[in-house]
Amino acid sequence: MIFPMSSLYKDDSVNQVLLKKLPKVDMVLARPQLQEACGQWPYTYIKETVQNYLETLRRGILDETIDELPELANMEQSILDKLSAGSLYSLSRVINATGVVLHTNLGRAPLGREVGEHIAQVAGGYSNLEYDVAAGKRGSRYAHLEKLLCELTGAEAAMVVNNNAGAVFLMLNTLAKGKRVAISRGELVEIGGAFRVPEIMEQSGAELVEVGTTNKTRLSDYQRAVAEKGASVLLKVHTSNFVMTGFTEEAELPKLVELGRETESLVLYDAGAAFLFAPELLGIHSGEVLRKCVENGADVVCFSGDKLLGSAQAGILVGKKEYIDRIRKNALTRMLRIDKLSLAALEASLQYYKNPMLAARKVPSLAMMSMTAEACCHTAQRLAEAVRAAAPKLFVSVAAVEDEVGGGSLPGVMLPGYAVRIESGVISADAMEAFLRTRPVPVIGRIQKDGLLLSVRTIFSEDERDIADAFAALQEQLSQEADAE
Ligand SMILES: *Cc1c(COP(=O)(O)O)cnc(C)c1O
């Protein structure tokens, strides 16, 4: 007796039928538009997207949220959409809604579109990275930024390497190897990512002479280190990522420089993060200003390119010409040299600094730091409106928050800001936060009590559309789940 096909599954639920109907990966891949897509995207990416798509359908069938399969042509279209929206790359854009401007995990300083375009122009083709076009002969990658950095900091000489940890190492290895280096016990810090000052000193060949105590170090402590322990280098390290309050004292840079002059000791300063102009212009009342450090007479000062400067990852060294020249000639400098992408980015950012008002507007991280609470509130209200329109079933409000500069740059400085606060009567804030991270452009927010907070200070206006779309998708998913129950 011959049974009609469907009755074979008489005792099975409808999903067994659907599962059997689910096309094979190869069959979908053979679709004409997906074949054509192979010219645009890597085959493995397309195949993975098809597999994921079919897997989602399969799971939908199993948990009975799908009772009908789309036509093959519709599947093809959905997969094409996913290919365009999806993340081909591991390293990709996210939306920073944490309110932490220099977020160590989110790439520190955002560069902005114009700097990005300059990088594309320089690095998309050939460049004069190490070619002196006017002279028609070999040039130096270190030449491109020196004049500009000297102009902006008042230093005699300047150079740029891969990052500031590298700059500290090169500074010590070149100028303090085999010498005794006096440093305050309060400045033997760990910066993060296992960058510990004592270890860097040891690796560089400098000999550590600890002076003072954790909370108090006086000039006389350094004096004794020079007079009694043979220290000939005085190193100061900015305690970037913590604040010490209460019964504390430190020897200020000008005093150290004075002592350095009297005793013919070198004075080196790892400023970590520093501004190129007075931060009061941004409404901020703490932080080092590079020009001051140079004026104070430190022999070499080094700092990061992607902290308060707001540009690419780099270690910048400024100071006396004879010392910078020696660092440049150190064979180890080759290992920590800066690449052309970062150099292009730095030059583009530094151009703005010729006019501090312009930099405050054009360097994204500075613009974010200088946003007033009032401006944040205004933006938060606009974004809240967009989220409400996209997802009317969620509870959306505006809340005052405390944002941070971050990046271990200005510890203890709080920036009064505003966030959009979202609650759902259906799912937890944790679940919402997790959902936002699954978006094509992940949205990184934070949770406070039962709400999800999206701080607007670090959100670009171009991000607002993506955020609204994310909440529309969230609401859509919640209604589908409600319908399925
Ligand atoms: C951040 C920091 C460093 C490390 O700089 P990177 O650019 O991250 O390598 C070194 N010293 C101090 C004082 C810092 O704040």
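Start at 1 and go down the list; that is how both ligands and their atoms are numbered. Positions are given from 1, in the same order as the sequence printed here. Since this is a predicted model, take the numbers as computed values, not measurements.
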Do me a favour and list the nearest non-hydrogen protein atom to [atom] with residue, atom name and distance?
atom: atom 15 (O) of ligand 1; answer: S240 OG, 2.4 Å
atom: atom 7 (O) of ligand 1; answer: S304 OG, 2.5 Å
atom: atom 11 (N) of ligand 1; answer: D270 OD2, 2.6 Å
atom: atom 3 (C) of ligand 1; answer: N164 ND2, 3.5 Å

Q: Dump the intermediate steps for side-chain contact (heavy atoms from CB on, under 4.5 Å) on L102 and L308, then the final yes or no.
A: CA-CA 8 Å; L102 301 169; L308 296 176; 4.2 Å; yes

Which ligand 1 atoms, with their elements, are less than 4.0 angstrom from a heavy-atom of [X]?
X: F195; value: 10 (C), 11 (N)
X: R108; value: 6 (P), 7 (O), 8 (O)
X: A165; value: 4 (C), 5 (O), 6 (P), 9 (O)

Q.
Please work out, at 4.0 Å between heavy atoms, whether the side chain, the backbone, both, or neither of K236 comes within that distance of ligand 1.
A.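 The answer is neither.
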
Q. Does any N or O atom in D306 lie less than 3.5 angstrom from one in ligand 1, N or O only?
A.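 The answer is no, given that D306 and ligand 1 share no N or O pair closer than 3.5 Å.
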
Q) Are any of the N or O atoms of A273 closer than 3.5 Å to those of ligand 1? A)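 No.
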
Q: Could you tell me whether the side chain of L235 reaches within less than 4.5 Å of the side chain of M201, counting heavy atoms only?
A: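 A side-chain contact under 4.5 Å exists here.
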
Q.
Do H144 and K340 have side chains that approach each other closer than 4.5 Å (heavy atoms only, starting at C-beta)?
A.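 A side-chain contact under 4.5 Å is absent here.
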
(Q) Quick one: does any side-chain atom of N215 pair with a main-chain N or O of T248 as donor and acceptor, under 3.5 Å? (A)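 No.
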
Q) E146 side chain to M159 main-chain N or O, any donor-acceptor pair under 3.5 Å? A)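 No; zero donor-acceptor contacts below 3.5 Å.
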
Q: Return the option from K307, E187, E288, H238 holding the heavy atom at the smallest distance from atom 14 (C) of ligand 1.
A: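 Of the listed residues, K307 has the closest heavy atom.
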
Q | Plane angle bin for F277 and Y353 - parallel if under 30°, tilted between 30 and 60°, otherwise perpendicular | A |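 The rings of Y353 and F277 sit tilted, inter-plane angle from 30° to 60°.
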
Q) Rounded to the nearest 0.5 Å, how far apart are OH of Y269 and CG of L253? A)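 So the OH of Y269 and the CG of L253 are separated by 6.5 Å.
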
Q. Is the CZ atom of R185 crowded by more than 12 outside heavy atoms at less than 6.0 Å?
A.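 Yes.
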
